[in-house]
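Computed over heavy atoms, backbone and side chain alike; hydrogens, waters and symmetry mates excluded. If you read the sequence from its start, that first residue is 1, and numbering goes on from there. Here the structure is a predicted model, which means the values were calculated and not measured.
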Amino acid sequence: MIVDLATLEPSAPELARPDATVVVGGGAAGLALALRLEELGSPVVLLESGGDARDDAAIAAAAPLNEGAVVGGLHYRGLQDGRQRSLGGATQLWHGQCTRLRSGDLAQRSWLPHSGWPLDLEVLDPWYDAAERWFGLSGRGYDDSRWAEHRRLSPLPWSGDRLLADFAEYTATPHLGDRFHEHLRTSTTLTTLVQATAVGVRVVEDRVQGVELRDAAGRELFLAAGRVVVAAGAVESARLLMLSDPEGVGLGTGRALTGRFLQDHPVVPLLEVAPTRRAWLQDRTSHLFARDARIWPKVRLAPAAQEREELVAANAVLVHEVEEPELDAVRRLAGALKRRRVPQGLAGDLRLALRAVGPTVRTGWRRWARGLSSGRPASRVRLDVWLEQVPDPDSRVTLDAADRDAFGLPLPRVDWRVSETEVRTSRTMARWVAEDLRSHGLAEVTELPAMTDDDAWRAAVSDAFHPAGTTRMSVDPAQGVVDPDLRVHGVEGLYVASSSVFPIAGYANPTLTIVALALRLAAHLADRPVRGELHPA
């Protein structure tokens, strides 16, 4: 059932669940964890700071809680634009790209300080399989074997010693708040509290006691719990742990690292591409469709080349800017109908949609008969490089002493830093892509200013709304905030499920890995009964 926190009295039974795992955050990690715990028969309460993902007014009302300060030389758009307080969280803004981290991403690399996970791919692979089933993905991988699904297309001839084929696959149901709303509403075994903002985790004698809450009006309530899992994203999870400490540092024996090692995926456009074989190149670098999958061909740095040149991991995409106003109108109308909303500009979209019969038929034939995108010529083609980051303890989230939210609590202060290694990696990769395109007669290439001018590079780079690293995972509390089971070092019953636990984030879109870790944590918690006595609230 879904319950608004404002309707509960302090003595309500929903606020005393010493037998339950309380999950803070209704995004990808929180939903995957809570739903799997429910399936395994483990008592669970899900907390969401916002409300229904289909309620625009509620989303707008909660948006100020995502405010904060961005300091340093780089703008960090994801602080506000990449977060949403509602059931589904940031997945409500997500297009659904999924891919796995590879063994090299998890390995300690001598040329990258603070790299390496305390888990290897043999541990994660079964949970990746489970996460792919959870998202309804094909499970057929993300490398050049995917070309076999499109036998009419010859693969791009990347030089295998430097560049390799890469793919992302899209889930058909990215907006998890919409996907699971009816289940959450009708469930008799999973309680979902909405408009329930967690403002602190209470810990006594190194054991979690529960979560301090505020409802939409600011009323203070306490939810007693046997275990707490913070699943609020990389910015908010770190902030919540810091807010839970009177000194504003964090919780547990690794508390000093809370908020540090903030990473994202820097994205920078570096090349203007003029295809000499436009249709040939566009068909092989735009979205491809099979009966049960939509994939996007990309190119990634070969691991041997990374090591040889001491680079971070990276991939790149050719972005074809195609103007399709009629089809865009059809997509907007279909999306509004699916979500039972009246779209803005309804009359204009209806007029455009009436002109879309021809383009729709052509696009449908290409998609269903040939597995190709629309094929409408692009007005511009550019190369965007997506980068892993060197973990930097000075790239971080802290509490802002000067600026406070509606509950009077310090807002986050983000200082996102990018190193020279990321700049060098992006330019090296772009140069190699350009050489391959030219040598095979596929395109002429013009370098954009960011290829040679550092100021232009920093002006052009943007984050990908993929924050990570702020409660990093480690065996040693001196090196991280949570252990390999995602328990906060030194605190019994307190866990974190978020991209915040990634020690190094690779370049892969993080959501599949987030869900894989959440499903692994659910299995771990279901095997561990709640132990110990709760202190009174």
Side-chain angles (χ1 to χ4, degrees), residues 1-17 20-31 33-35 38 44-68 80 83-93 175-188 190-202 210-225 228-233 235-237 239-240 243-244 339-341 404-412 498 537:
M1 61 180 172
I2 298 177
V3 179
D4 190 320
L5 183 64
T7 66
L8 298 180
E9 294 300 322
S11 60
E14 291 88 349
L15 295 175
R17 296 299 305 272
T21 298
V22 170
V23 180
V24 180
L31 282 170
L33 176 63
L35 292 166
E38 178 193 31
V44 59
V45 177
L46 178 65
L47 302 178
E48 171 50 51
S49 177
D52 189 341
R54 299 167 297 183
D55 187 340
D56 291 338
I59 291 169
L65 293 174
N66 286 334
E67 292 178 355
Q80 288 183 278
R83 300 196 291 160
Q84 179 168 307
R85 293 189 186 232
S86 73
L87 290 172
T91 72
Q92 298 302 118
L93 312 172
H175 301 149
L176 301 181
D178 296 336
R179 175 183 171 188
F180 292 113
H181 181 272
E182 189 61 17
H183 176 89
L184 297 175
R185 187 184 69 81
T186 59
S187 176
T188 58
L190 168 58
T191 301
T192 302
L193 299 182
V194 296
Q195 306 295 341
T197 300
V199 299
V201 177
R202 188 179 297 179
V211 183
E212 296 168 359
L213 300 175
R214 300 290 186 276
D215 66 13
R219 185 176 57 140
E220 300 179 8
L221 295 162
F222 180 72
L223 170 56
V228 172
V229 181
V230 177
V235 173
E236 194 65 16
S237 292
R239 176 179 178 243
L240 182 57
L243 289 175
S244 304
R339 302 183 71 184
R340 301 177 184 176
R341 291 179 176 174
R404 296 180 177 264
D405 66 13
F407 303 125
L409 299 171
L411 285 165
S498 165

- Contacts of Glu14 meeting side chain to side chain donor-acceptor pair (under 3.5 Å) (sequence neighbours excluded), chain-then-number -> none

- Query: What are the two closest heavy atoms between Ala231 and Val23, and how far apart are they?
  - Reply: CB-CG1, 4.2 Å

- Message: Tell me which pairs pass salt bridge (Lys or Arg N to Asp or Glu O under 4.0 Å) where either residue lies in residues 211-224, with sequence neighbours left out.
- Response: Arg202-Glu212, Arg214-Glu220, Asp215-Arg219

- Do the non-hydrogen side-chain atoms of Leu193 and Leu8 ever get within less than 4.5 Å of each other? yes

- Task: Report the residues that fulfil side chain to side chain donor-acceptor pair (under 3.5 Å) with Ser49, sequence neighbours left out, ordered by chain and then residue number.
- Result: Arg85, Thr197

- List in chain and number order the residues that pass side chain to side chain contact (heavy atoms under 4.5 Å, CB included) with Arg404, two or more places apart in sequence or in another chain; answer none if no residue qualifies. Pro410

- Message: Among residues at least two apart in sequence or on other chains, which ones pass side chain to side chain donor-acceptor pair (under 3.5 Å) with Ser237?
- Response: none

- Set of residues satisfying side chain to side chain contact (heavy atoms under 4.5 Å, CB included) with respect to Thr91, sequence neighbours excluded: Ala28, Trp94, Leu176

- Could you pull out all residues at least two apart from Glu48 that satisfy salt bridge (Lys or Arg N to Asp or Glu O under 4.0 Å)? none

- Message: With side-chain contact (heavy atoms from CB on, under 4.5 Å) as the test, pick out the partner of Leu87 among Asp178, Ile2, Asp55.
- Response: Ile2

- Query: Any side-chain heavy atom of Leu33 sitting closer than 4.5 Å to one from Leu46?
  - Reply: no

- With sequence neighbours left out, the residues meeting side chain to side chain contact (heavy atoms under 4.5 Å, CB included) with Ser86 are Ala53, Ile59, Gln84, Gln92

- Please name all residues satisfying side chain to side chain donor-acceptor pair (under 3.5 Å) with Glu9, sequence neighbours left out, ordered by chain then number. none

- Item | Atom of Ala198, atom of Leu240 and distance for their closest heavy-atom approach | O-CD1, 3.6 Å

- Check whether any side-chain heavy atom of Arg239 sits under 4.5 Å from a side-chain heavy atom of Leu409, and report yes or no. yes

